[in-house]
Amino acid sequence: MKVGFIGLGRMGGHMCSNVIKAGFETYVSDLVPALVEQKVAEGAIGCKDNLEVAANMDIGFTMLPNGAIVEAVMCGPKGVLSHCKPGTIIVDMSSVAPGTTQKMAKIAAEHGVKYMDAPVSGGTIGAQKGTLAIMVGGDRDAFDKMHDVFAAMGTNIRYQGGAGCGQHTKMANQIAISGCVAAVCEAIAYAKRCGLDPQDMFDAISTGAAGSWQLTNNGQKIINGDYAPGFYVKHFIKDMNIALDEAQARDLDLTVLHMVRDKYDELAAQGGADEGTQALIKVIDK
Ligand code: NAD
């Protein structure tokens, strides 16, 4: 089975490395040539563009910033869908609106291509370790054929239903994170105002009922003053806006999500869009 991998950034780079390590013949592309060269050094076959990947692959993965870019990569005469063989399976692992996935799946079907959504959770750490949660939507038979290649990237691989159901699951994940990351920031801001040592407070509470991935990973980064992106603020805002739109379409008011999105908008407006999501502390502890 020949695998394609398009988008070798913070997440895709690690995920692709794990696919290569698992022994798959892997064709790669990215807009940044240095990222392609890194994967070639690990054993991948570097391609001059996405279309060369498309022409070679049996299964293709994309890990791209947002839905507009996914659509641009897939569609039109210069799109991946026009250049892959009928019978190819494309798996978009980016986080995008469920409607984008459904639209791509329809167009893909016209080309005889199966299109799946498989967004992930677990951050760059999970991507590196190959321990991601992978939330899959699309054709069940195609999912059943893909176990080995998904297992190279993740340990919790779950089929969620038809096209877009993986993305809906990812949005539920982002809703759950939003309140959690904001509460971690508030706990640290509070500890500092009370004159506590934030590290001592962190060590005391992180193994109790307040323990969470957000506290362990982002809480520690805040205390260390490390705002470098694992997960970009701009990508989190994109996801929260998708979740708010989907909720609104179903007459569901997600009050906490609204408040957290507004705080992140404030952070982005003051120049924080390219920082990691832990930088939220800057608008909470000001
Ligand atoms: P990133 O910006 O680091 O990587 C995206 C890559 O896509 C870049 O290397 C970019 O050059 C490449 N790219 C853009 N346009 C392209 C094109 N037309 N053709 C080929 N390559 C192109 O982003 P990331 O953090 O890896 O996130 C990717 C996706 O995964 C986003 O949808 C994000 O929301 C989601 N996600 C990120 C994390 C995280 O912790 N970083 C976790 C889960 C999900």
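First listed ligand is number 1; within each ligand, the first listed atom is number 1. All values reported here derive from a predicted model rather than from experimental measurement.
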Can you tell me how the ring of Y264 sits relative to the ring of F236, calling it parallel under 30°, perpendicular over 60° and tilted otherwise?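 Ring orientation, 0 to 90° scale: perpendicular.
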Would you mind writing out a table of all protein N or O atoms found under 3.5 Å from any N or O atom of ligand 1, naming both atoms and giving the distance to 0.1 Å?
residue	atom	partner	partner atom	Å
ligand 1	3 (O)	R10	N	2.9
ligand 1	9 (O)	G9	N	3.4
ligand 1	9 (O)	D30	OD1	3.3
ligand 1	9 (O)	D30	OD2	2.7
ligand 1	11 (O)	D30	OD1	2.6
ligand 1	19 (N)	N50	ND2	3.0
ligand 1	26 (O)	R10	N	3.3
ligand 1	26 (O)	M11	N	2.9
ligand 1	32 (O)	L64	O	3.1
ligand 1	32 (O)	P65	O	3.1
ligand 1	32 (O)	S95	N	3.1
ligand 1	32 (O)	K238	NZ	3.0
ligand 1	34 (O)	K238	NZ	2.7
ligand 1	41 (N)	G230	O	2.8

Report yes or no: do [X] and [Y] form a side-chain donor-acceptor pair below 3.5 Å?
| X | Y | result |
| --- | --- | --- |
| D49 | S29 | no |
| Q220 | Q199 | yes |
| E52 | N56 | no |

So, are E246 and R250 salt-bridged, with charged N and O less than 4.0 Å apart?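 So E246 pairs with R250 through a salt bridge.
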A cation-pi test, strictly: NZ or CZ of K39 under 6.0 Å from the centre of the six-membered ring of F5 and no more than 45 degrees from its axis. Yes or no?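 That pair does not qualify as a cation-pi contact.
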